[in-house]
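Note that the numbering runs from 1 along the sequence shown for the chain. Source: prediction; values computed, not measured. Basis for what follows: all heavy atoms, side chains included, without hydrogens, waters or symmetry-related copies.
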Amino acid sequence: MNKDNLATLRASVLADAKAGRFCRMFDTLDNLVAAKPVWADRCRNLRTQYDALCSYALDGAPDPARSRMRADIAAEAVELADNALHASRIADSPQLYYSKLRYEQLQPESLEELMTRFRDYNSTLSLALLSGSSDAKTAAGESVRLLSEALATRIFNRIWTNPAMSREDFDAAEAFLNDDAVPESTKEQVVWALMLGGTEYFQQSRLTVLGRLYSRASRPRVRLAALMAFLILLWNHRTVPAGMKLTGTIDVMRGRNSWASDVRTVAMELVRTRDTERISQKLKSELFPAMMKLRPGLEKLGDLSKEMDMADFEANPEWEELLDKSGLTDKLKELSELQSEGADLMMATFSPLKNFPFFNEVSNWFLPYNADRTEVAPMLKGNLATVGELIASSPALCDSDKYSMILSLDRIPAMQRNMFAEQIKAHDINAAEMRAGSTDVSDAAGVAIVRVLVQNLYRFFKLFRRKSEFTDPFATTPDLSSLAVLGDVLGDADNLRLVAEFYFKRGYYAEAAGHFNTLLAREPENSQLLQKAGYCSAATGDLQKAVELYSRAEYYVPDSLWTLRKLASTYRLLGDYKKALEYYRKVEAARPDDLNVAYYIGHCLLETGDYEGALKKYFKVEYLEPSAGKSWRPIAWCSFLSGDYARSKNYYDKILASSPTASDYLNAGHLAMAESRFRDAVELYGSSLSSAGREDFERMFEADVPALLKAGVDPVMIEIVADKVN
């Protein structure tokens, strides 16, 4: 059986498990595992368990755990199918995962033996450091450190690449994670190895180990790393039924006092990653180019080669004016606000610095920063020591970015190095001030730690040179509130509202709509929820749904001008101009001097054929706001439709003398046709064609043919003129 067929069968097993079609699931699974007797035995045992469960159920025996037992059987079946699929790829897959696996399979040591050797090397190194022995700095000491680091990498790779870890392997991993003598940084790498190995292939035991570690870990970083790894795996395998093993593990985790706050913190920081790509693009496409364009202007106003204090820069009114005119001030203000809310602004800055050989090793992406690491320690000497200390202590940088910066130090000229140091120092002062002034109780749950962990993880899945070989949990935003097993923590109204508002504020309306609709199911009379859900529906193109939601909001708060405006504009977009006019009239009654309302009432009257009524509104806008020229186009077109060609020509002459568009040339051409100025029409249509392009011009022209015929233009002349336009 080829690998494509195996993948199809695995997908069938998952689909049947989720749908509860267990008999068909077992028939498919039999084909998948037939080649390996131990798996075939496990499959038979699962089928036997299911048959017994069904027998008791059909006899009418009560069993409150029946649904969870079925979920357990389904989960084990999916795990077995994954084992079979994985085994089929070991021999010849070119992926890095399988290359590492094949190497580890050739090595004689068990996982427990690797961990024992690591403890020995680490103990030797620790004793040397505690004794103050210079051996820790000698070639022999460096050799021990190198061996220790190499073993940590092999432990990571062994756990990462083995989806069918034995009970003995898991016992060894748990003992290693519980050993106080093992460095926290190595424990954290084991956590991420457990997660990474479980992202593509489902294995409940990985979740069990991570859950137990979370429930008993004493150090906050390892505790939160274990929880995040656990939740990422839950998200990746959200289609696999949650059985008693998994729910039992979650019950144990709930025993920790910080469970609810920890889960909410991790969930919110994962949601925030939705904004990272947008911010990175904004920096690359808007801020960085704008700064480069601004540099010549700044150089004219002062010598940028000299070191300047930021206060001096801000105090110079000419520089401030230049920033304002360029739009940089607003961009910087927006980014500052995003940063204060926890947005990741460093992704764009450090993404080009992930090409060092250090980042070719998967385990290094998950390594907490350590200045003694052999790749970076030699660089942190002499005049770089202070810069290194500053980088190491910076809470603004995640571990991955710290390694990037240290590794790039020897390539950066001294002046830029000092500038880096000043920027980091200033950033850290600002961050410290924000933390000091924060009233967010979630800070106590480790927001800063979780943020660093999320950034490390996000950078790996987005920037690793072979990232396409991994199942990216950030391909869709990990929205943990949608997981039923976390409903008691994340399903409350406050949390759902927090996530919904985050999406809404940043313009992710599809995601926001889902959360607002969930909240509306609980609070159907909440007018604010109805308004925002309606706005999301309109923004995603579902105008009928938007009208329905806005109408419900109007029922509960009939005097809301915001709702009335939205109903008017949505009906207008739907082409129901009579209903739109009805709502614009209501707004007009409350805001008689609102020119925008008058303008759109004119549009609705125009579309319903009331040209005189429309012109009255347009003239009102022109009279009260003559300098804007906003009403010229509708007055010109409305006059044309009503047969007042002299007035129409007067306004089109104004329009064509200012900043005409392709549509303006087209409409002026229509007027020329109606007045039998056919050569003028050919010229005007030609200008429209040049501006719009052939396809758009022909589409617009065809749509307006009925208006030409209504104006009495000879159909033959329409064809002749159109034919002469080129």
Query raised in the report: If you count the non-hydrogen atoms of other residues, nucleotides and ligands that lie under 6.0 Å from NZ in Lys654, is the total more than 12?
Result: yes

Query raised in the report: Run the side chain to side chain contact (heavy atoms under 4.5 Å, CB included) check on Asn495 and Ser481 step by step: do they pass?
Result: CA-CA 8 Å; Asn495 184 74; Ser481 60; 4.2 Å; yes

Query raised in the report: Any chance the side chains of Asp610 and Thr608 put a donor and an acceptor closer than 3.5 Å?
Result: no

Query raised in the report: Taking all atoms of both residues into account, what is the closest heavy-atom pair of Pro524 and Ala521, and its distance?
Result: CD-O, 4.3 Å

Query raised in the report: Can you name the nearest heavy-atom pair linking Gly669 to Ala681, along with the distance?
Result: O-CB, 3.7 Å

**Report entry** Glu675, CD: over 12 other non-hydrogen atoms inside 6.0 angstrom
**Finding:** yes

Query raised in the report: Between Asp479 and Arg274, does at least one N-O distance fall below 4.0 Å, as a salt bridge requires?
Result: no

Query raised in the report: So, is the end of the Arg572 side chain (NZ or CZ) under 6.0 Å from the ring centre of Tyr577 and within 45° of the ring's axis?
Result: no

Requested in this report: Please tell me if the side chains of Tyr550 and Leu564 come closer than 4.5 Å, counting only heavy atoms from C-beta onward.
Outcome: no

Query - Heavy-atom closest contact (Lys462 atom, Lys467 atom, distance) - result: O-CD, 3.0 Å

Query raised in the report: How many angstroms lie between atom SG of Cys604 and atom CG of Leu606, to the nearest 0.5 angstrom?
Result: 9.5 Å

Report task. Answer yes or no: is there an ion pair linking Asp680 with Arg677, defined by an N-O contact shorter than 4.0 Å? Result -> yes

Query raised in the report: Does the separation of the ring centres of Phe701 and Tyr685 fall below 6.0 angstrom?
Result: yes

Query raised in the report: Should we count CD of Glu683 as having more than 12 external heavy atoms under 6.0 Å?
Result: no

Query raised in the report: Less than 4.0 Å between a side-chain N and a carboxylate O, is that true for Lys586 and Asp559?
Result: no

Report summary line: Rounded to the nearest 0.5 angstrom, the CZ-CD distance for Phe697 and Glu702 is 11.0 Å

**Report entry** OG on Ser648 to CH2 on Trp637, rounded to 0.5 Å
**Finding:** 8.5 Å

Report task. Assess whether salt bridge (Lys or Arg N to Asp or Glu O under 4.0 Å) is satisfied between Asp704 and Arg699, documenting all intermediate values. Result -> CA-CA 9 Å; Asp704 286 349; Arg699 176 181 52 78; over 6 Å; no

**Report entry** CE-CD distance between Met717 and Glu719, expressed to the nearest 0.5 angstrom
**Finding:** 11.0 Å

Query raised in the report: What heavy-atom pair brings Arg694 and Leu689 nearest, and what distance separates the two atoms?
Result: CA-CD1, 3.4 Å

Query raised in the report: Can you tell me if Asn650 uses its side chain to pair, donor with acceptor, with the backbone of Ala646 under 3.5 Å?
Result: no

**Report entry** side chain to side chain contact (heavy atoms under 4.5 Å, CB included) evaluation trace for Lys724 with Arg679
**Finding:** CA-CA 10 Å; Lys724 295 299 290 182; Arg679 292 192 181 278; over 6 Å; no

Query raised in the report: Would you say Tyr600 has more than 12 foreign heavy atoms packed within less than 6.0 Å of its OH?
Result: no

Query raised in the report: Any sub-3.5 Å donor-acceptor pair from Thr540's side-chain atoms to Ser537's backbone N or O?
Result: yes

Query raised in the report: For the residue pair Tyr571 and Tyr583, does the interplanar ring angle fall in the parallel (under 30°), tilted (30 to 60°) or perpendicular (over 60°) class?
Result: parallel

Query raised in the report: Between Asp664 and Thr661, do the side chains contain an N or O donor and an N or O acceptor separated by less than 3.5 Å?
Result: yes

Report summary line: The reported gap from CE in Met268 to CG in Leu490 (rounded to nearest 0.5 angstrom) is 11.0 Å

**Report entry** Sidechain-backbone polar pair: Ser688 side chain, Leu684 backbone, donor-acceptor under 3.5 Å
**Finding:** no

Report task. Assess Lys532 against Phe504: is NZ or CZ under 6.0 Å from the centre of the six-membered ring, and within 45 degrees of the ring's axis? Result -> yes

**Report entry** Distance in Å, Cys638 SG paired with Leu641 CG, rounded so as to fall on 0.5 Å steps
**Finding:** 6.5 Å

Requested in this report: In sequence, state the C-alpha distance, the side-chain angles, and the governing distance for Glu511 and Thr477, and then conclude on side chain to side chain donor-acceptor pair (under 3.5 Å).
Outcome: CA-CA 9 Å; Glu511 292 93 333; Thr477 307; 4.7 Å; no

Query raised in the report: Can you tell which of Lys578, Lys579, Arg585 makes a salt bridge (charged side-chain N to carboxylate O under 4.0 Å, His left out) with Glu582?
Result: Lys579

Query raised in the report: For Trp235, does its backbone N or O pair with a side-chain atom of Arg238 as donor and acceptor, under 3.5 Å?
Result: yes

Requested in this report: Any chance you could lay out the side chain to side chain contact (heavy atoms under 4.5 Å, CB included) test for Ile720 and Phe678, step after step, and finish with the verdict?
Outcome: CA-CA 9 Å; Ile720 290 172; Phe678 300 118; over 6 Å; no

Query raised in the report: Angle class for the Tyr651/Phe619 ring planes (parallel below 30°, perpendicular above 60°, tilted otherwise)?
Result: tilted

**Report entry** Polar contact flag, side-chain donor to acceptor under 3.5 angstrom, Tyr652-His670
**Finding:** no

Query raised in the report: Is Arg264 reaching over with its side chain to a backbone N or O of Val489, donor-acceptor style, under 3.5 angstrom?
Result: yes

**Report entry** Face-on cation placement of Lys630 at Tyr599 ring, 6.0 Å and 45° thresholds
**Finding:** yes

Query raised in the report: Can a cation-pi geometry be assigned to Arg565 and Trp562, taking NZ or CZ under 6.0 Å from the six-membered ring centre and within 45° of the ring axis?
Result: no

Query raised in the report: If every non-hydrogen atom of Ala500 is compared with every non-hydrogen atom of Ala512, which pair is closest and at what distance?
Result: O-CB, 3.8 Å

Query - Salt-bridge criterion met for Arg497 and Asp494 (N-O under 4.0 Å) - result: no

Query raised in the report: Can Leu480 and Leu270 be said to form a side chain to side chain contact (heavy atoms under 4.5 Å, CB included), step by step?
Result: CA-CA 8 Å; Leu480 302 179; Leu270 289 174; 3.8 Å; yes

Query raised in the report: Can you tell me if Ser560 and Glu554 form a side-chain donor-acceptor pair at under 3.5 Å?
Result: no

Report task. Measure the shortest side-chain to side-chain distance between Asp401 and Lys354 over non-hydrogen atoms and say whether it is less than 4.5 angstrom. Result -> yes

Query raised in the report: How close do Leu520 and Ala533 get, heavy atom to heavy atom, and via which atoms?
Result: CD1-CB, 3.7 Å

**Report entry** Donor-acceptor pair, side chain of Ser551 and main chain of Val547, under 3.5 angstrom
**Finding:** yes

Report task. May I ask you to check whether over 12 heavy atoms, not counting those of Arg591, lie within 6.0 Å of atom CZ? Result -> no

Query raised in the report: Is it true that the side chains of Arg278 and Tyr508 contain a donor and an acceptor less than 3.5 Å apart?
Result: yes

Query raised in the report: Is it the case that His603 and Tyr618 place a side-chain donor and acceptor less than 3.5 Å from each other?
Result: yes

Report task. Inspect the surroundings of CD in Glu501 and state if more than 12 heavy atoms from other residues, nucleotides or ligands are less than 6.0 Å away. Result -> yes

Requested in this report: Determine, stepwise, if the pair Tyr535 / Tyr509 fulfils ring pair (Phe, Tyr, Trp, His ring centres under 6.0 Å).
Outcome: CA-CA 8 Å; Tyr535 190 93; Tyr509 297 117; 5.5 Å; yes

Query raised in the report: With the threshold set at 4.0 Å, does a side-chain nitrogen-carboxylate oxygen contact exist between Asp492 and Arg522?
Result: no

Query raised in the report: Are the side chains of Leu549 and Lys545 in touch, meaning some heavy atoms are under 4.5 Å apart?
Result: yes

Query - Test: Lys649 and Asp644 ion pair at under 4.0 Å - result: no

Query raised in the report: Partners of Asp542 by salt bridge (charged side-chain N to carboxylate O under 4.0 Å, His left out), sequence neighbours excluded?
Result: none

